[in-house]
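Report on the structure given below.
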Amino acid sequence: MYTFFKEVGGRQRRECPSVAMPTSPSKAVPSPLFHCSTHPIPCPSPCTPISTHNQHMGIHTHTPPHTHTFPITHTLFPSLCSRGIMGNLLKVLTCTELEHGPIVFLDFEHAQPTEAETAVWNQVSAVLEEAHGILAELQSYNGAGQEIREAIQNPNDLQLQEKAWNAVCPLVAKLKRFYEFSLRLENALRSLLEALTSPPYAPMQHLEREQALAKQFAEILHFTLSFDELKMTNPAIQNDFSYYRRTISRNRLNNQQLEAENEVNNEMANRMSLFYAEATPMLKTLSNATTKFVSENKTLPIEDTTDCLSTMACVCRVMLETPEYRCRFTNTDTMLFCMRVMVGVIILYDHVHPVGAFAKTSKIDMKGCIKVLKEQPSNSVEGLLNALRYTTRHLNDDSTSKQIRALLQ
């Protein structure tokens with residue numbers, strides 16, 4: 001029988017009847033859950049990754065010094081799935097008093113929806129199927145800067161005006177698709193929050209029972225932070241849309257109706273303008289959606305939502321800051337996935353919780369989370385740090401310590 005920690009980042013020792021308590025972290029006992037699915041493989045050094053199949057997340061047992069336990073994927077894991085083990089999102093494997101908190105198993109790759117999850121899972125899956133294409137389009141977005149400059153420099157050249165307009169219109173149609181996708185993503189998030197916080201189960205029980213939905217929740221956050229990082233580094237988006245709106249306004253004054261207005265009318269253009277004016281528009285959308293969800297569900301304790309968010313943040317932090325876990329990451333994408341999910345849930349927590357994520361009473365170890373980010377190459381985490389600086393609500397509160405503020409400067 002394995003103890004389930006309510007606060008993953010806690011330091012308290014938990015008694016495990018079926019696991020002998022080691023006297024030190026280096027003597028942690030491997031979990032018997034994985035004896036049938038893993039083999040001990042000598043590791044050249046404590047932090048040298050050994051190539052495994054690409055997994056978003058896969059945290060396994062803590063083993064004696066110089067020995068790492070790695071999964072044999074695609075062979076014995078299906079048998080574990082059938083016994084309801086492999087799909088577990090959060091499971092305490094050993095009850096050791098480690099410096100960084102309890103050892104946890106977090107898997108975002110193999111969780112499959114149960115019958116009870118299927119309806120919500122299908123709804124959210126339909127939205128997430130579009131996410132990859134949206135990111136690909138945004139990444140290849142080059143803008144119409146050249147055509148716009150030429151049109152502005154030669155206001156009387158009708159040919160250049162038409163050339164700029166023809167270049168901008170398809171780009172604005174693409175920006176409209178991005179905005180409309182944010183609305184569908186908002187609805188998907190709401191469905192997940194309803195499923196992961198609804199009574200009679202506590203938040204931790206939801207994460208245990210509905211692993212597939214928790215995985216989708218993480219994927220939404222991963223997409224959101226990825227989208228916003230691309231948007232923040234592409235000024236062409238706002239330049240193109242500003243030119244489009246100026247041209248529409250000028251033609252309206254001249255009583256001219258352009259065909260493109262049928263697709264993006266003035267009301268839609270106003271909403272899109274507010275959306276793209278945000279430094280991190282997708283994250284702002286999810287933050288507003290989470291806040292609205294809490295305010296509209298007055299019978300649901302706020303803690304049910306914030307505990308779900310803080311637990312996800314703590315798990316990601318422990319995985320990122322523990323060398324034994326990082327050894328098992330096969331590529332940098334896994335690290336980035338963890339970091340984006342961690343930052344995303346921190347921001348949502350800060351918008352929903354009355355005192356936010358930065359107060360001393362917060363269930364999120366903000367110092368630890370920020371330090372983990374700052375240990376990575378600056379070019380890979382600057383967008384995430386900016387999201388914490390500029391999209392959180394309570395960073396500048398008096399309750400935020402000077403140390404945390406200094407870390408984010």
Side-chain angles (χ1 to χ4, degrees), residues 5 7-14 19 21-31 33-34 37-73 88-109 218 222 311-343 345-346 364-381 384-385 407:
F5 283 74
E7 293 185 25
V8 176
R11 301 292 188 269
Q12 297 87 350
R13 181 184 181 120
R14 297 291 187 268
V19 179
M21 297 300 294
T23 57
S24 68
S26 63
K27 297 180 182 180
V29 179
S31 166
L33 290 179
F34 290 86
S37 64
T38 58
H39 291 301
I41 300 174
C43 184
S45 67
C47 286
T48 302
I50 294 180
S51 179
T52 63
H53 291 282
N54 183 20
Q55 301 180 51
H56 271 309
M57 306 290 166
I59 300 306
H60 308 289
T61 56
H62 190 87
T63 58
H66 309 300
T67 301
H68 283 216
T69 302
F70 291 91
I72 302 178
T73 55
N88 284 353
L89 174 67
L90 300 171
K91 176 72 72 175
V92 175
L93 297 182
T94 59
C95 301
T96 56
E97 201 169 28
L98 295 178
E99 177 183 355
H100 299 293
I103 295 179
V104 296
F105 168 72
L106 193 154
D107 176 49
F108 285 139
E109 195 170 62
H222 181 257
T311 298
M312 295 282 285
C314 290
V315 169
C316 290
R317 174 184 59 77
V318 170
M319 292 176 65
L320 290 166
E321 72 183 3
T322 307
E324 289 83 359
Y325 292 174
R326 293 198 304 270
C327 284
R328 290 150 172 82
F329 293 163
T330 58
N331 55 57
T332 55
D333 289 343
T334 303
M335 291 278 289
L336 193 55
F337 185 93
C338 271
M339 289 188 286
R340 283 177 176 149
V341 173
M342 181 180 73
V343 170
V345 291
I346 287 172
I364 297 177
D365 178 6
M366 285 305 305
K367 285 183 188 176
C369 292
I370 296 170
K371 286 179 180 178
V372 163
L373 292 175
K374 300 199 87 170
E375 288 172 357
Q376 311 306 318
S378 59
N379 62 335
S380 65
V381 299
L384 299 177
L385 290 170
L407 284 172

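FYI, the numbering just counts along the sequence from 1. All figures in this text were calculated on a predicted structure; none of them were measured in a lab.
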Distance, nearest 0.5 Å, that separates [atom1] of [X] from [atom2] of [Y]:
| X | Y | atom1 | atom2 | value |
| --- | --- | --- | --- | --- |
| M339 | S380 | CE | OG | 5.0 Å |
| E321 | L373 | CD | CG | 11.0 Å |
| I346 | L384 | CD1 | CG | 10.0 Å |

Q. Name the one of V343, V345, I364 that satisfies side-chain contact (heavy atoms from CB on, under 4.5 Å) with C369?
A.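 Among the candidates, only I364 passes.
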Q) Which atom names give the shortest non-hydrogen contact between M342 and C316, and what distance separates them? A)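 Heavy-atom minimum between the residues: CB-CB, 3.7 Å.
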Q. For the residue pair V341 and A218, what are the closest heavy atoms and their distance?
A.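 Smallest interatomic distance, heavy atoms only, reads CG2-O, 3.6 Å.
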Q. Just wondering, do L320 and E375 contact through their side chains at under 4.5 Å, heavy atoms?
A.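 The answer is no, as the side chains (C-beta and beyond) never meet within the 4.5 Å cut-off.
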**Q.** Partner set under side-chain contact (heavy atoms from CB on, under 4.5 Å) for K371, not counting sequence neighbours
**A.**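 With sequence neighbours excluded, K371 shows a side-chain contact (heavy atoms from CB on, under 4.5 Å) to L407, given in chain and number order.
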Q) Residues in side-chain hydrogen bond (donor to acceptor under 3.5 Å, both in side chains) with K367, at least two apart? A)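 K367 satisfies side-chain hydrogen bond (donor to acceptor under 3.5 Å, both in side chains) with Q403 once adjacent residues are dropped.
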